[in-house]
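Below is one structure, written out as structure tokens, with a few remarks after it.
Residue numbers start from 1 in every chain, and the chains themselves are labelled A, B, ... in the order their sequence lines are given, proteins ahead of strands.
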Amino acid sequence: MFALIDCNNFYASCERVFRPDLNGVPIVVLSNNDGCVIARSNEAKTLGIPMGAPAFQFEKLFMEHGVQVFSANFSLYGDMSHRVMSILGEYSPEIEIYSIDEAFLKLEGFDRYFNLQEYGEGMGKKVKKWTGIPISVGIAPTKALAKVANRIAKKFPKQTQGAYVIDSEEKRIKALKWLKIEDVWGIGRQHAKRLFAQKVSTAYDFTMLPDEWVKKHMSVIGLRLKHDLQGIPTLDLEEVQSKKSIATTRTFEEDYTELEQLSERISTFAFTCSEKLRKQGSCCKSLMVFVRSNIHKDNLPQYHRSIVIQMPFASNSGIELSNFALLALRQIFRHGYRYKKAGVIIQDFVPEGEEQLSLFDNRDLRHIPLMKAVDFINKTYGQQKVRLASQDLKRVWKMKQERLSPRYTTKLDDIITIQLH
DNA sequence: TCTGGGGTCCTAGGACCC
DNA sequence: TCTGGGGTCCTAGGACCC
């Protein structure tokens with residue numbers, strides 16, 4: 001059996017933990033630059049605020065209904081996530097942290113010793129009591145079915161006490177007939193559309209399709225999903241492994257038209273990528289740079305281009321990565337467009353120290369101690385204290401975060417004070 | 001009229017997730 | 001005026017090899 005544990009409205013719930021006065025009040029959390037809605041409390045969902053809604057379009061509704069708006073506070077969410085995960089880790093030796101607010105547990109053989117319904121409810125009570133975060137628990141013979149069970153627990157918190165177990169063929173079929181196809185894990189917009197055309201409207205209908213059709217139109221991923229939903233365990237816990245790609249991308253506050261402006265940004269993105277890469281203890285062998293105009297302005301000429309550079313050697317030096325990224329940028333930059341977004345994505349990782357030396361070009365080994373020193377200084381004295389000259393030295397880039405809550409759990413100055421009467 | 005067969009590697013793009 | 005960011009996996013097709 002597998003359990004899927006999911007925090008309810010995670011970011012909104014984190015904001016509420018330290019603001020009990022916001023219980024029952026609609027809350028939304030915004031993306032970087034305060035751009036889109038990325039989390040909503042139940043009250044906000046009821047108001048009809050959609051996921052991904054551009055904030056500026058809903059200002060009026062926020063005002064009218066007293067919606068509490070927060071800028072994303074990832075230091076807080078990351079720390080709260082860590083707390084939740086460490087509690088969940090006590091419930092099974094095998095855990096896969098699937099995202100910041102979700103985890104799978106393997107409960108193989110647990111049904112012989114535990115009542116799984118009570119086991120799931122127990123997790124919910126402990127996590128709520130110890131962290132203040134409400135969760136939902138779904139338990140079933142496969143991962144995809146655990147996702148389905150979780151959905152039921154979340155949809156019917158009173159009847160299920162926040163935990164639902166699918167442990168019989170009868171319950172499996174009932175659950176699948178209840179679940180709309182577009183709500184199935186792994187079925188996105190495009191697949192849903194194609195499936196509607198096949199008269200598939202529930203998860204159950206999907207499991208009745210012939211394997212060949214699924215394979216042909218949804219690749220082996222779709223086929224695995226189908227089998228998992230049929231109760232045949234196909235997806236197993238994934239090993240925690242290091243990342244296969246690392247990205248730093250941003251939407252700009254204003255449009256850029258000049259190569260110099262983009263060069264500064266790309267250099268910074270490459271440098272940030274290199275910092276993440278060193279943290280993971282890897283070097284990369286290739287790097288992608290992309291630029292694009294504003295896709296929301298269809299009256300302007302559109303341009304979107306990316307280029308992959310194979311580096312002659314593996315490196316994690318911010319200087320070298322920045323240089324290669326700028327080389328790449330010069331190849332795809334065209335005058336006459338208004339650029340709104342750009343990014344650097346690095347890939348093809350090898351463990352640090354195991355890089356294959358090449359015949360002629362090799363990385364500058366002096367960068368290794370240099371980067372170590374840079375990382376140390378930036379860690380000790382604050383981000384971006386040491387930068388490349390190709391980055392903007394006058395300005396520290398900051399995104400729009402007008403409604404940021406305190407870092408209650410990760411910054412000493414922000415710890416709450418309690419007043420005794 | 002008619003043009004082999006079996007591979008690998010790389011890239012772009014699509015689809016999905018949170 | 002204003003519209004996020006960071007990931008994973010798969011497939012098709014082109015270029016190339018013998």
Side-chain angles (χ1 to χ4, degrees), chain A residues 4-11 28-40 49-60 62 69 71-72 74 77-78 81 96-104 143-144 147 150 181-195 214-225 235 238-255 269 272-273 276-277 280 285-286 288 290 292-298 304-310 332 338 340-349 399-402:
Chain A
L4 186 263
I5 297 94
D6 184 320
C7 300
N8 303 342
N9 314 325
F10 184 54
Y11 297 167
V28 298
V29 177
L30 304 182
S31 64
N32 282 352
N33 292 322
D34 290 347
C36 304
V37 172
I38 54 169
R40 307 158 293 160
I49 302 166
M51 186 65 171
F56 73 92
Q57 287 176 2
F58 285 79
E59 282 297 339
K60 209 172 139 220
F62 293 161
V69 182
S71 303
F74 289 110
Y77 311 150
S81 167
E96 173 192 342
I97 297 174
Y98 181 69
S99 73
I100 193 163
D101 74 331
E102 270 180 60
F104 284 101
K143 280 173 106 176
K147 269 272 188 186
N150 179 283
I181 186 65
E182 65 267 33
D183 292 337
V184 174
W185 182 43
I187 304 290
R189 261 224 205 79
Q190 302 307 316
H191 286 331
K193 218 194 295 174
R194 201 171 281 152
L195 288 165
V214 177
K215 172 91 196 288
K216 177 157 182 237
H217 294 95
M218 302 172 66
S219 84
V220 296
I221 298 184
L223 194 56
R224 281 184 213 141
L225 174 67
L235 310 168
E238 309 248 337
E239 301 278 328
V240 246
Q241 38 185 293
S242 45
K243 293 200 178 69
K244 292 175 178 164
S245 68
I246 290 176
T248 307
T249 70
R250 287 293 177 277
T251 300
F252 311 133
E253 266 185 78
E254 62 214 75
D255 295 348
F269 298 160
T272 305
C273 281
K276 298 180 189 173
L277 190 57
Q280 169 179 310
K285 286 190 291 187
S286 78
M288 185 183 100
F290 76 87
R292 79 172 315 146
S293 50
N294 191 338
I295 49 168
H296 299 290
K297 287 188 181 158
D298 34 10
H304 174 210
R305 213 165 146 200
S306 66
I307 186 173
V308 177
I309 292 250
Q310 304 295 339
I332 56 173
R338 304 185 67 82
K340 181 67 175 170
K341 183 173 180 172
V344 173
I345 300 168
I346 52 177
Q347 50 214 350
D348 293 333
F349 299 155
M399 48 191 174
K400 189 173 154 201
Q401 283 186 315
E402 285 171 356

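A:Asn150 has its side chain out of reach of A:Ile5: every pair of non-hydrogen atoms, C-beta onward, lies at least 4.5 Å apart. The closest side-chain heavy-atom distance from A:Arg40 to A:Tyr11 is not below 4.5 Å.
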Distances under 3.5 Å between protein N/O atoms and the N/O atoms of nucleotides 8-11 of chain C, please, pair by pair.
from: C:dT8; atom 1: OP1; to: A:Lys244; atom 2: N; distance (Å): 2.9
from: C:dT8; atom 1: OP2; to: A:Ser245; atom 2: N; distance (Å): 3.3
from: C:dT8; atom 1: OP2; to: A:Ser245; atom 2: OG; distance (Å): 2.9
from: C:dC9; atom 1: OP1; to: A:Lys244; atom 2: NZ; distance (Å): 3.2
from: C:dC9; atom 1: OP2; to: A:Lys244; atom 2: NZ; distance (Å): 3.0
from: C:dC10; atom 1: OP1; to: A:Arg224; atom 2: NH1; distance (Å): 3.4
from: C:dC10; atom 1: OP1; to: A:Arg224; atom 2: NH2; distance (Å): 2.8

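Using a 4.0 Å heavy-atom cutoff across all strands shown, A:Ile295 reaches no nucleic acid atom at all. Among the heavy atoms of the strands lying under 4.0 Å from A:Tyr98 are primed sugar atoms or P, OP1, OP2 only; no base atom is included. Residue A:Val29 is classed as having no contact, given no heavy-atom separation below 4.0 Å to the nucleic acid. Within 4.0 Å of A:Asp34, counting heavy atoms only, lies no atom of the nucleic acid at all.
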**OP:** Dot-bracket notation for DNA chain C is requested: 5' to 3', Watson-Crick or G-U wobble pairs only, both distances under 3.5 Å, with ( ), [ ], | and . as defined.
**Re:** ....||||||||||||||

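Between A:Thr248 and C:dG5 there is no side-chain N or O to OP1 or OP2 distance below 4.0 Å. When the side-chain nitrogen and oxygen atoms of A:Thr249 are compared with OP1 and OP2 of C:dG6, one or more of them lie within a distance under 4.0 Å. Contact annotation: A:Lys297 does not reach the phosphate of C:dT1 (side-chain N/O to OP1 or OP2, under 4.0 Å).
Considering only side-chain atoms of A:Asn32, the nucleotide from C:dG4, B:dC16, C:dG6 that sits closest is C:dG4.
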Could you list the donor-acceptor pairs under 3.5 angstrom formed between side-chain atoms of residues 214-222 of chain A and any protein atom two or more places apart in sequence or on another chain?
from: A:His217; atom 1: ND1; to: A:Trp213; atom 2: O; distance (Å): 3.1
from: A:His217; atom 1: ND1; to: A:Trp213; atom 2: NE1; distance (Å): 3.4
from: A:Ser219; atom 1: OG; to: A:Ile221; atom 2: N; distance (Å): 3.3

Original post:
Given A:Ile345 and A:Ile246, is the side-chain contact (heavy atoms from CB on, under 4.5 Å) satisfied, shown in steps?
Top reply: CA-CA 6 Å; A:Ile345 300 168; A:Ile246 290 176; over 6 Å; no

